[in-house]
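Below is one structure, written out as structure tokens; the observations come after it.
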2 protein chains.
Amino acid sequence: MPETTSLHTIGAQLRRARLAAGLTQEQVAELAGISRPRYRDIETGAAAARATTLMNVARALGLEMMLIPQFLVPAVDTLLSPEAGEDAPAFAPQPEPDDER
Amino acid sequence: MPETTSLHTIGAQLRRARLAAGLTQEQVAELAGISRPRYRDIETGAAAARATTLMNVARALGLEMMLIPQFLVPAVDTLLSPEAGEDAPAFAPQPEPDDER
DNA sequence: CATCAATGATACCTATACGTATCTTCAGAC
DNA sequence: GTCTGAAGATACGTATAGGTATCATTGATG
């Protein structure tokens, strides 16, 4: 997976969280202590923020950055999608809402 | 929490994962596509890597970077420490092995 | 129509992550 | 003792994240 894709994935997740919280880019940027153009770059995947910046942005949106052992990722994914789970094989491909603008 | 602390926390986690995998700094650096001095800075918390760099390093160590809703962090923490859990309040302060060198 | 807020986008400057090279320190092995 | 590998540390040049300012576009509202 090219890392630009990873950036887009992270950005899309941030955007979903931001819209769910009813915040503007400017508000999130201020909460995270960065400028709006920079937050925009992060959300659109145009730039790779520093780890500390990403953590600040995530926290501003009620998210926390964590490093998860790969073999536990499916279990965590199940936690993240309450409605999709229940009788899923716990290793489901994860439909990915794909809110790509 | 000052962000230098966050960097130290991440670095300590990477170090634990690296030692558990029996790898040298040089090997992890090469797997992650960065130089040894740079990996060292990340592991010691001396520098804030880019998000993409951190993701590459994490993957080299069998970890995955994820953004978790804060209210789910305790649940995920429980997943991460199977032996510590069981009868813990699920909101335990997490003893933190504190492998700081 | 005009107006305003939110977002997309560009340019320029500074701060810093990153690569490369180099040196030192420490712990084992011999 | 020497030798060797892993890790700590520094310096310098380049690439890029981040700040500030500015303009354009879109959508809603009057």
Distance in angstrom units between [X] [atom1] and [N] [atom2], rounded:
| X | N | atom1 | atom2 | answer |
| --- | --- | --- | --- | --- |
| B:Met55 | C:dA17 | CE | C1' | 17 Å |
| A:Arg15 | C:dT7 | CZ | P | 8 Å |
| A:Glu43 | C:dA9 | CD | C1' | 15 Å |
| B:Arg40 | D:dA7 | CZ | C1' | 8 Å |
| B:Glu30 | D:dG5 | CD | P | 16 Å |

So does [Y] get a backbone contact from the side chain of [X], meaning a donor-acceptor N/O pair under 3.5 Å?
| X | Y | value |
| --- | --- | --- |
| A:Gln13 | B:Leu67 | yes |
| B:Arg50 | A:Ala48 | no |
| A:Thr44 | A:Arg40 | yes |
| B:Glu30 | B:Gln27 | no |
| A:Thr53 | A:Ala49 | no |

B/S/- contact track for nucleotides 14-30 of chain D, protein heavy atom under 4.0 Å: --SSBBBB---------

From CE (B:Met66) to CE (B:Met55), nearest 0.5 Å: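 Output value for this atom pair is 11.0 Å.
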
Below 4.0 Å: OP1/OP2 of C:dA5 and any side-chain N or O of A:Gln25: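 No, A:Gln25 has no side-chain N/O under 4.0 Å of OP1/OP2 on C:dA5.
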
